[in-house]
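Per chain, numbering begins at 1; letters A, B, ... match sequence-line order. Note that the coordinates shown come from a computational prediction; the quantities given were computed from them, not determined experimentally.
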2 protein chains.
Amino acid sequence: MGMLNERTERVLYAVVQSYISTNEPVGSRFITKAYSFNLSPATIRNIMADLEESGFLLQPHTSAGRVPTDRGYRFYVDHMARQKEAEDRFLKSFILRLEATREDLDGLLEAAARTLSEHSRYLGLAAPMKSGKTTLNRIELFIYRGNYIAVMLLTDEGLIKHKLIRMGQELTPRTLRRISEYLNQEFSGYTIDEIRFKLIREMSREKALCDILISKAVQICREALSFPAGDIYISGFSDFIGLPDFSDRIREIAGAIEDKHFMLKLLEQVGSESEDVPSVVIGSENPVKEMRDLSMVVSAFKQGGKTAGTVGVIGPTRMDYTKAIVMVQTAARFITEALAR
Amino acid sequence: MGMLNERTERVLYAVVQSYISTNEPVGSRFITKAYSFNLSPATIRNIMADLEESGFLLQPHTSAGRVPTDRGYRFYVDHMARQKEAEDRFLKSFILRLEATREDLDGLLEAAARTLSEHSRYLGLAAPMKSGKTTLNRIELFIYRGNYIAVMLLTDEGLIKHKLIRMGQELTPRTLRRISEYLNQEFSGYTIDEIRFKLIREMSREKALCDILISKAVQICREALSFPAGDIYISGFSDFIGLPDFSDRIREIAGAIEDKHFMLKLLEQVGSESEDVPSVVIGSENPVKEMRDLSMVVSAFKQGGKTAGTVGVIGPTRMDYTKAIVMVQTAARFITEALAR
DNA sequence: TTTAGCACTCTCGCTGTTTGAGTGCTAAAG
DNA sequence: CTTTAGCACTCAAACAGCGAGAGTGCTAAA
């Protein structure tokens, strides 16, 4: 599997790199020149034929150059050496950008997605952990315009949500305060999922108790927790869609990207396994079939030891993996660090 | 200007309608058949030649059918009769959809944009009034994780914003409450713009007073008001971009749409004049040059007599104006009504 | 094992041709 | 004076044929 002799490997690298930057099938002659092999085109052809046989390359048609297969990219990614200098240059502008936005998690993630996309020209992504896993720090309630209640949820992770709830009748400030105290006492420190669970139990008990106050509280909390899908920041749409790779299928891909729910699930599925180093999913490896000819580089960022969300990049299979990996990794690290402060 | 004889007008309508639905240049023969004129193609040709001379139609090339000019669309829009039945059908599903989301303004607008785009297959837009014009209902502060303050701003219009602010040192709950009281007393009932103005005055006075409390308060308020551009809900990206009209220029258009700041300014510029009936901007009439071959239908919705925001649709110049106008109008009315409750 | 040489294949761009839709004009008919 | 039939004309789009060029695989010599 990982067994290619030195020379063959070099040829594979050359093909991948060249194809990544030009998007043109690459021929034997070109390789000898551009990568200064001391070999004749014929020899390269033999090597390429071998590489094709073992599934790392393929020809779009008989008289064209070779193009990497997904497997070829995979080999490239798994064996390539890190480019240190790219990292440094990127790191600087990245930190510069993010440092400027000392906001809450949302602001940070939005900036991350944008920076990622601007530097890569691919699609930049950032999303906090599925909100169910976040733990509630506290919940605040106010009366608003008589018969509405404004709810503000704060989580330990810096995520903030608000919601307006319409009430049947008006509540006095005093009742509201009591409700608020009850909710905080009962639910602070639990994750949203746990709270949802507890709420269900509470609902049944509540009937028995017939305590109107608690009933109201539970009702408010239920409504407040009925979030829409969850946040995800996506940036770089236009550059991405302008890429020559998808001149057909634009519609389809645009549709997938616009569906935030879908993207979130995608991130979640791919990012789950990642540890310190970003995970790379190449074309056909993608579990989601709509994404079969796209690649993703995704990494998780943490807070207090726990995974707190994901950042990443989506691009064509011929994306610049070296750069993408470095960028995503830097981004994840930086966010982790920023959250730790 | 509005002087075309009955018959000529009918021909113009036929061309516009046909072109809107097929996106193909329309010929004389086709018109006679499809719209059952009791005239020969030759006659129609003469009429069309007249229409071309007066600038309502043009030929893409000599041997092709005619296509409406922007002026042609304009005439069509200004003179067309309302289609009552389309309205009713749309109204029902629209209300159904929006009724389900009894949320705050944000939720309402998002639903509106989506409904608009789904029913039109164009780009659906919805945005609240520029936040500077909204009036502050109240401001709430809490301590969060020691050295952060969570700020929640509520406006009279149902707009809610939150922000996390990092403080140099920790504040006691008591100080915070006093700050909060000060801010509410000082700023409630003013518009955000006014508050910004007052803040500047306060800043200078503050130096003289040397009151640390007020100083802190002002600082917090300043930070809290440093919003990003403002919200706008855009929906239907993928359908829109898949339209055959922009198969080239996709990149450019996608770029413009992605730039929310730009879109917001666009809406503001176009929507300002609209009263009860949506305003229609056709292609070259657009003040913004990037949008010169797109059309927009925009309407404002109100709250308490004042304009509270805008909804609209963007499509190709050959968009279905009848439908778009009815839809946008219904949407605006419905939102106005929903806000009144 | 490498390489030169050669025949072969296939895309791409160019050219010319045909087809068909649609026009404008003219002259006859209403 | 208006409408219409007829006809010549124009042009885009579709198609076929062709040559050039890039790239290959194979064979035989170095």
Side-chain angles (χ1 to χ4, degrees), chain A residues 4-12 14-19 21-69 72 244-245 247-248 318, chain B residues 4-12 14-19 21-69 72 244-245 247-248 318:
Chain A
L4 294 179
N5 71 53
E6 167 72 15
R7 210 178 51 175
T8 321
E9 208 166 290
R10 268 188 70 208
V11 173
L12 178 55
V15 174
V16 172
Q17 277 170 16
S18 165
Y19 188 69
S21 58
T22 66
N23 198 21
E24 301 284 326
V26 14
S28 53
R29 188 186 173 77
F30 176 79
I31 282 194
T32 55
K33 300 229 149 175
Y35 292 80
S36 58
F37 282 73
N38 285 328
L39 290 173
S40 77
T43 314
I44 301 291
R45 280 205 285 282
N46 288 329
I47 301 175
M48 285 169 121
D50 294 349
L51 281 168
E52 179 159 9
E53 202 171 356
S54 18
F56 293 106
L57 300 179
L58 65 78
Q59 296 181 289
H61 55 264
T62 326
S63 74
R66 299 307 209 289
V67 160
T69 59
D245 305 63
S247 46
D248 37 356
R318 61 162 252 277
Chain B
L4 293 179
N5 71 54
E6 166 72 16
R7 209 178 52 175
T8 321
E9 206 165 291
R10 266 187 72 207
V11 172
L12 178 55
V15 174
V16 172
Q17 276 170 16
S18 166
Y19 188 69
S21 58
T22 65
N23 198 21
E24 301 284 326
V26 14
S28 54
R29 190 187 172 75
F30 176 79
I31 282 194
T32 55
K33 300 229 149 176
Y35 293 79
S36 56
F37 282 73
N38 285 329
L39 290 173
S40 77
T43 313
I44 302 289
R45 280 206 284 283
N46 288 328
I47 300 175
M48 283 169 123
D50 294 348
L51 281 168
E52 178 159 12
E53 203 171 356
S54 20
F56 294 107
L57 299 180
L58 64 76
Q59 292 181 280
H61 55 264
T62 325
S63 73
R66 300 308 209 288
V67 161
T69 60
D245 304 65
S247 46
D248 39 355
R318 61 163 253 276

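One atom, CG of B:L39, and another, P of C:dG30, lie 17 Å apart when rounded to the nearest Å. Spacing between atom CD1 of A:I44 and atom C1' of D:dG25 amounts to 15 Å, rounded to whole angstrom units. For the pair B:E24 CD and C:dG22 C1', the computed distance is 13 Å after rounding to whole Å. Distance A:F30 CZ to D:dG23 C1': 14 Å, rounded to the nearest Å. D:dT24 atom P lies 16 Å from atom CD of A:E53, rounded to whole Å. Atom CG of A:L57 is separated from atom P of D:dG25 by 11 Å (rounded to the nearest Å). The separation between B:E52 atom CD and C:dG24 atom P is 7 Å, rounded to whole Å. For the pair A:N38 CG and C:dT3 C1', the interatomic distance rounds to 14 Å; values are reported in whole Å.
Here the options are A:E52, A:E24, A:E53, the test is salt bridge (charged side-chain N to carboxylate O under 4.0 Å, His left out), and the partner is A:R66; only A:E52 passes.
Residue A:R66 has a polar side-chain atom (N or O) positioned under 4.0 Å from OP1 or OP2 of D:dT24. Residue A:R29 places none of its side-chain N or O atoms closer than 4.0 Å to OP1 or OP2 of C:dT3. Of the side-chain N and O atoms in B:S28, one or more sit less than 4.0 angstrom from OP1 or OP2 of C:dT23. For the pair A:S40 and C:dT3, the criterion of a side-chain N or O lying under 4.0 Å from OP1 or OP2 is met. Between C:dT2 and A:R7, a contact under 4.0 Å exists linking OP1 or OP2 to a side-chain N or O. The shortest distance between the side-chain N/O atoms of A:T43 and the OP1/OP2 oxygens of C:dT2 is not below 4.0 Å. At D:dC11, none of the side-chain N or O atoms of B:S63 fall inside 4.0 Å of OP1 or OP2 (strictly under the cut-off).
Between A:A42 and B:T62, the residue anchored nearer the 5' end of DNA chain D, judged by the nucleotide with its closest heavy atom, is B:T62.
To the nearest 0.5 Å, atoms CG (B:L12) and CD (B:Q17) are separated by 9.5 Å. Taking CG of A:L57 as the start and CG of A:L51 as the end, the distance is 5.0 Å to the nearest 0.5 Å. With values rounded to the nearest 0.5 angstrom, B:T32 atom OG1 is found 8.5 Å from B:L39 atom CG.
In plain terms, the two heavy atoms of A:S28 and A:P41 that are nearest each other are CB-O, 3.5 Å. When every heavy atom of B:V67 is checked against every heavy atom of B:P60, the shortest pair comes out as CG2-CG, 3.9 Å.
When the nucleotides D:dG25, D:dT4, D:dA12 are ranked by their closest atom to the side chain of A:Q59, D:dG25 comes out on top. Taking the side chain of A:R45 as heavy atoms from C-beta on, and the options C:dG5, C:dT3, C:dC10, the nearest nucleotide is C:dG5.
At least one donor-acceptor pair closer than 3.5 Å links the side chain of B:T22 to the backbone N or O of B:S18. Judged purely by atom type and a 3.5 angstrom limit, A:S36 has no side-chain atom pairing as donor or acceptor with the backbone of A:K33.
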**Strand DNA chain D as a dot-bracket string - pairs counted if Watson-Crick or G-U with both distances under 3.5 Å, | where the partner lies in another strand** = ||||||||||||||||||||||||||||||

